[in-house]
Structure formats: C-alpha cells, structure tokens
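Let me begin by presenting the structure, written as structure tokens, before commenting on it.
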There are 2 protein chains.
Amino acid sequence: MVFKAAHKRVLDGQECDMSGWDAGNCPVRDVIDRIAGKWSTLLLEALSRRPYRFGELRRLVPDISQRMLTQTLRDLQRDGYIEREVFPTKPPSVEYRMTELGRSLFEPLSKVLRWAEENHSSVKAARAKYDEGELA
Amino acid sequence: MVFKAAHKRVLDGQECDMSGWDAGNCPVRDVIDRIAGKWSTLLLEALSRRPYRFGELRRLVPDISQRMLTQTLRDLQRDGYIEREVFPTKPPSVEYRMTELGRSLFEPLSKVLRWAEENHSSVKAARAKYDEGELA
DNA sequence: AGCGCTAGTCTCTTTTTGAGACCAACATTT
DNA sequence: AAATGTTGGTCTCAAAAAGAGACTAGCGCT
C-alpha cells in the first residue's frame with residue numbers, strides 16, 4: 001500500500017522527503033502484487049497459449065485448490081488480464097481467455113520466466129553454497 | 001512445489017502424462033516464487049541502484065516490518081541475488097549489494113515493473129469496470 | 001435410482017505475515 | 001554518571017492468507 005513513495009524514492013536514487021505521501025496509490029506495487037501471486041504466473045502462462053475451461057485448468061495444475069483457482073482467476077479477471085465467458089450448456093461450462101492487456105503484460109513477464117528457467121542452476125548453486133555456510 | 005510438470009504441460013500446450021512427476025523440481029516456480037514475494041521486487045529495485053545498509057532500507061520502505069526485511073534479504077541472499085557484508089564498526093553496520101546474478105535477473109524484471117507503471121491506468125480502469133458489474 | 005459431471009461456495013486447519021517488545025554494545029547527550 | 005539513541009537483528013503473539021475437503025444444484029447416463 002504505502003508503495004508509491006517508496007518506489008519513487010527508490011527510483012530517484014535519493015532519500016527524498018516523505019511528506020506528500022499518497023499511501024493508497026502506488027502503480028508498481030498495485031500491479032505487481034497481483035501478478036506476483038503464487039498461482040498467477042502459472043495461470044497466465046497457460047492462458048497465454050489458448051483459452052481453458054475451469055476444469056481444464058484444475059487438471060492442468062493439479063496442486064491448486066479449487067478455492068485458490070477460483071480466486072486467482074477472479075483477481076486476474078478483475079485486473080483485466082483474462083476474460084470469463086459462460087456457456088449455458090447442460091452442465092454449464094466456463095471458459096477463460098487472455099485479453100490484449102494480458103498479452104501485453106505477458107510479453108515482458110515471459111522474459112522473466114525464461115530467465116528463471118535458464119538460470120535455475122545458478123540459483124540452486126547459490127542456495128547450496130549459502131546453506132553450506134550456514135552449517136559452519 | 002508440484003510445478004515442474006504443470007509448467008511442462010503448459011509449455012507443451014498439451015495435456016501430457018502426469019506420471020514421471022518430480023514434484024520437488026520445477027525451475028520456473030522455484031525461482032519465481034521467491035522473487036514474487038511481497039517485498040522482493042521493491043528491495044531488488046532499491047539495491048539495483050546502489051548498496052544499502054539495513055537501516056537505510058528500513059527507512060526507505062517504512063511499511064516493511066523488521067522481521068520481513070530481515071527474512072526477505074536473507075532469501076534474496078540465499079538465492080544469490082544480493083550479497084551481505086558486515087563492517088565491524090562500533091555499532092556494527094551491514095551492507096547489502098546486488099550481485100551479477102541479481103543484475104541479470106533485474107534486467108527482464110525491470111521491464112515488467114516498467115510495464116506496471118505504464119499500464120496502471122488500464123488496470124485501474126479494468127478494476128472499476130469489473131467492480132461496477134459486480135453491483136448489478 | 002444412483003452416479004458423475006459442471007463450476008463453484010463454505011468451513012476448518014495450517015501456514016504466512018505483521019506489530020511490537022526485547023537484546024547487547026557503544027556514542028552521544030544531559 | 002545516567003539516561004537516551006543507534007546498530008542489526010531475534011522472539012513472541014495476533015491477524016491475515018492459503019490449503020484441504022465437504023457440500024451444492026441441475027442435468028445425462030445407465
């Protein structure tokens with residue numbers, strides 16, 4: 001919440017005055033906090049490929065609880081990254097698809113995901129080294 | 001945790017077999033989960049500019065608790081994104097600085113942060129629209 | 001009639017986060 | 001000399017978030 005100013009100061013590279021602090025209005029945090037959710041990137045990655053139905057997503061990510069799947073999808077929908085469409089079939093089915101806004105976000109985001117994939121070994125090495133030093 | 005397979009299936013764009021599932025080894029999730037922490041990006045952004053001391057960071061991000069500041073810094077250090085150096089001054093001071101690995105991560109990451117800044121209004125608009133429909 | 005499928009919601013338990021007290025050693029202030 | 005502040009934390013307890021699993025309703029299949 002109190003993020004805009006923090007970010008501003010960070011971006012300025014200076015300790016600047018903390019007055020004039022609009023605590024409830026920080027662009028970066030406001031957006032990042034949502035896509036940083038535990039399941040958000042995974043679902044965005046899935047939906048960046050093609051639309052999926054609720055049950056499909058659940059099977060695709062079997063370790064997500066229905067509760068969190070519902071909630072994460074709602075959050076992503078609320079922020080405009082995905083759309084929800086209900087088909088009034090016999091057992092009604094619901095399809096989720098990525099919006100243009102979602103795609104434009106996923107473009108830079110996918111680069112971070114790729115970085116993660118490529119540098120996983122370095123990170124694991126760093127962890128091993130750290131944990132080793134912990135024992136001493 | 002159970003992420004490698006999920007990601008694999010997602011990346012393949014196919015429902016593939018869920019056997020052969022090494023639940024404890026998913027590159028993307030393993031890395032992303034850490035930098036997706038509530039405070040991680042903020043601290044990385046700060047430290048991408050210059051080294052900071054513990055107290056400086058605390059003042060820079062006044063709404064973080066000392067507990068979470070310590071913990072987040074430790075996590076980032078463990079994954080090799082930042083380094084910690086203790087100076088044996090009278091009240092010992094501790095400096096945190098970004099590593100090369102950290103910088104290489106921050107490069108794509110900063111693009112997402114920039115996206116967030118630039119598209120904040122679209123996201124807010126989407127939220128407003130969603131919330132409006134909720135009332136109906 | 002009984003079962004399963006659909007997309008959820010509701011409740012309960014466990015984990016994570018936040019708020020704040022406390023620490024020890026030294027420096028400065030009174 | 002005694003109180004106070006500064007350093008970078010740790011510890012405890014309360015609040016918030018997440019996970020597990022039961023439950024729903026309408027229809028199709030057997």
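Here is how names work: the chains are called A, B, and so on, in the same order as the sequence lines, proteins then strands, and each is numbered from 1.
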Does R59(B) have a side-chain nitrogen or oxygen under 4.0 Å from the phosphate oxygens OP1 or OP2 of dT6(D)? no
Between Y52(B) (OH) and dG8(D) (C1'), how many Å, whole number? 18 Å
Please give, in whole Å, the distance from dA20(D) C1' to L69(A) CG? 15 Å
Ignoring backbone atoms, establish whether R53(A) has a side-chain N or O less than 4.0 Å from OP1 or OP2 of dC5(C). no
Please find the pair of heavy atoms, one from R103(B) and one from S48(B), that lie closest to each other, and give the distance. NH1-O, 3.2 Å
Name the pairs: protein N/O against N/O of nucleotides 24-30 of chain D, kept only if under 3.5 Å.
none

Take atom CG of L57(A) and atom P of dG8(C), then tell me their distance rounded to the nearest Å. 11 Å
Tell me: CG of L73(A) to C1' of dT9(C), nearest whole Å? 15 Å
Taking all heavy atoms of E117(B) and all of V28(A), pick out the closest pair and write down the distance. CG-CG2, 3.9 Å
Spacing between R74(A) atom CZ and dA17(D) atom C1', to the nearest angstrom: 18 Å
Looking at dC5(C), I'd like to know if its phosphate oxygens (OP1 or OP2) sit under 4.0 Å from a side-chain N or O belonging to R58(A). no
Check: protein-nucleotides 17-21 of chain C nitrogen or oxygen pairs below 3.5 Å:
unit_1	atom_1	unit_2	atom_2	d
dG18(C)	OP1	K38(B)	NZ	2.6
dG18(C)	OP2	W39(B)	NE1	3.1
dG18(C)	N7	R67(B)	NH1	3.2

Starting from P on dG9(D), measure out to CZ on F87(B) and report it in whole angstrom. 13 Å
When rounded to the nearest 0.5 angstrom, what is the spacing between CG in L76(B) and CE in M98(B)? 8.0 Å
Rounded to the nearest Å, what distance is computed from the CG atom of residue D33(A) to the P atom of nucleotide dA18(D)? 11 Å
Length of the line joining F54(A):CZ and dT9(C):C1', which is rounded to integer Å: 10 Å
Using the test side-chain contact (heavy atoms from CB on, under 4.5 Å), find all partners of P51(B) that sit at least two apart in sequence or belong to another chain. E95(B), R97(B)
Should R127(A) and D30(B) count as an ion pair when the cut-off is N to O under 4.0 Å? yes
Any heavy-atom pair between the side chains of R34(A) and R78(A) that's under 4.5 Å? yes
Minimum-distance pair of heavy atoms, taken over all atoms of E45(A) and L113(A): OE1-CD1, 3.3 Å
Does NZ or CZ of R50(A) lie under 6.0 Å from the centre of the six-membered ring of Y52(A), at an angle within 45° of the ring axis? yes
Using 0.5 Å steps for rounding, measure from the OH atom of Y81(B) to the CG atom of N119(A). 8.0 Å
Are OP1 or OP2 of dG8(C) and a side-chain N or O of Y96(A) less than 4.0 angstrom apart? yes
